[in-house]
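Just the heavy atoms: all of them, side chains too, but no hydrogens, waters or symmetry mates, feed the values below. Numbered from 1 within each chain, the chains take letters A, B, ... in sequence-line order.
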Amino acid sequence: MDYRIEVENLNVYFDELQVLKDVSLKISKNMVTALIGPSGCGKSTFIRTLNRMNDLIDTFRMNGTVLLDGGDIYNPKVDVVDLRKKVGMVFQKPNPFPKSIFDNVAYGLQVHGISDKDVLTEKVEESLKAAALWEEVKNKLDKSALGLSGGQQQRLCIARTIAVEPEVILMDEPCSALDPISTTKIEDLIHKLKKDYTIIIVTHNMQQATRVSKHTAFFLHGEIVESGSTDKIFIEPSDKRTEDYITGRFG
Amino acid sequence: MNRIISPKNAQKIMKVVFWASGILTILILLVIIGYILLKGLPVIDLEFLFGEPIDSGRAGGIFPMIVSSLYVTFIALLVATPLGVGAAIYLAEYAGENNIVRAIRFGSETLASIPSIIFGLFGLAFFVIFLGMGWSVLSGGLTLALMALPTILAASEVSVESVNKSYSEGSLALGATKWQTVYRVVVPAALPGITTGVILGMARAIAEAAAILYTVGAALTIPISLLDPARPLPLHLYIVATEGISLDNAYGTAAVLVMLILIITVVTNTLLDRYIKKMMGR
């Protein structure tokens, strides 16, 4: 089995508060892994550890190892800018920049030094097509992204992430602010993207986890209770707490 | 318990009081501007706007004063804008909450409350005499820059601070550096607020007489070089009125000054509106 990400004995603290306890998880290449669990269980903190977004928080401390393709991403020699180029992120609330649709997608390429107009145009079109948004926006690329609907904005954010050609895409409850139709579109998109990207998705929606993921990890109070194939976790969980959670007895 | 006024009536009375305060404020503004325009507009014609003053301003026009005003204000903003916006970005984006930051903020607030005549005195001692710039556009402009600085800084800091944090997160998550994020995402989003700050600073600088009284000279000719003396509109107004040269022309000058500020404000606001609409996709 080929692993893209290997997390071993990860502990994360904010000040004195321990948010993740001895978490170990292996994430396979080009597959969707769902992280489920009640609010405050550490799922978001976990994925934000994978692209070092937690570094922005002053009180963040961690120990343990996080390997991406075998390399420790917390090694002091690692350039966090390169890491984030390889590990993209889609946020809970769509957050396109207050710029044109074109500029939103071109932004990541531009900050990584691409300024050739033809290359940008081509990459923007390619990324928007990959994010299943091209047909809806191809005639208004110069219009502000903030004029799009929530679902379109979220697909734009996915396009923006794809444009810089990451290996991994982290999705932090990408549909929680969206209506059911937009949600379906995003899920279809995830199915399409999984052959090229390793996707890790945090979700509160059990059905969504079963629909989109091959693997699932169940978080509770900062620990992974159980992880494995999604089918197994949802059909015959080995831990009582997992069963209670997926059958809706708590959380 | 017997109330003198029932809560219902108290509510009605207070509503009228607040309404009256609002109306009174706008009335005061209208009366002042109306009075100035009423007295000043009859003096204004093409010769007044584009002519040179004759006999110390008793007759002729105020073209050199209009040029002086625009010139010193431009110099002031040229210096104060990068400084103020730069400090604001540092405070809002880079600095945490520490003693240096508190010192900068306290310094800026104190600077804002210093009377303008003190700025004038400092400008005279420092720019005119110590740095040897003499009575000039440069000395006056730099003195005005010091005055406009805290206004620009405060407004810019608030607007940079209030840029949606999710924009920065999105940018950093794409692998942009902090500086790229600030320069390409945060500052463009904060631009309307920053511009408003610059306009407020401009209004403060262009309307100032005391701060330039000792620094810019009082020449009646059009200033060309930075080291030429000049006579901006407020200073001309002050001299013409206090020395009893011509009260009519004082009103005319005042009206031109008011309209100049009005034009600059309206034009910038229109451009800003367009920018915001484009950015927000409305």
Counting only heavy atoms from other residues, nucleotides and ligands, does the tally under 6.0 Å from [atom1] of [X] exceed 12?
X: A:Leu17; atom1: CG; value: yes
X: B:Ile118; atom1: CD1; value: yes
X: B:Phe74; atom1: CZ; value: no
X: B:Tyr183; atom1: OH; value: no

Could you pull out the closest heavy-atom pair between [X] and [Y], with the gap in Å?
X: A:Phe97; Y: B:Gly170; value: CZ-C, 3.9 Å
X: A:Asp142; Y: B:Lys278; value: O-NZ, 4.2 Å
X: B:Met280; Y: A:Ser144; value: C-OG, 3.5 Å

Q: Decide yes or no on salt bridge (charged side-chain N to carboxylate O under 4.0 Å, His left out) for B:Glu169 and A:Arg48, but give the supporting numbers first.
A: CA-CA 11 Å; B:Glu169 270 202 326; A:Arg48 293 169 78 92; 2.3 Å; yes
Which atoms of [X] approach chain B - backbone, side chain, both or neither, heavy atom under 4.5 Å:
X: A:Asp58; result: neither
X: A:Val80; result: neither
X: A:Arg160; result: both
X: A:Leu170; result: neither
X: A:Pro166; result: neither

Q) Which residue out of B:Thr177, B:Val185, B:Asn164, B:Thr181 racks up the most heavy-atom pairs below 4.5 Å with chain A? A)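 Among the listed options, the one with the most contacts to chain A is B:Val185.
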Q: May I ask you to name which of B:Gly175, B:Ala176, B:Pro188 has the most heavy-atom pairs under 4.5 Å with chain A?
A: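 When all of B:Gly175, B:Ala176, B:Pro188 are compared, B:Gly175 has the most.
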**Q.** From B:Lys165 atom NZ to A:Asn95 atom CG, the distance as rounded to the nearest 0.5 Å
**A.**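 If we round to the nearest 0.5 Å, B:Lys165:NZ and A:Asn95:CG are 13.5 Å apart.
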Q: Can you measure from CG (B:Leu174) to SG (A:Cys157) and round to the nearest 0.5 angstrom?
A: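 Nearest 0.5 Å value for the CG-SG distance: 9.0 Å.
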Can you tell me which of [options] forms the most heavy-atom pairs within a distance under 4.5 Å of chain B?
options: A:Leu148, A:Leu56, A:Leu146; value: A:Leu146
options: A:Lys85, A:Lys93, A:Lys99, A:Lys143; value: A:Lys99
options: A:Val90, A:Asp82, A:Asp79, A:Val111; value: A:Val111

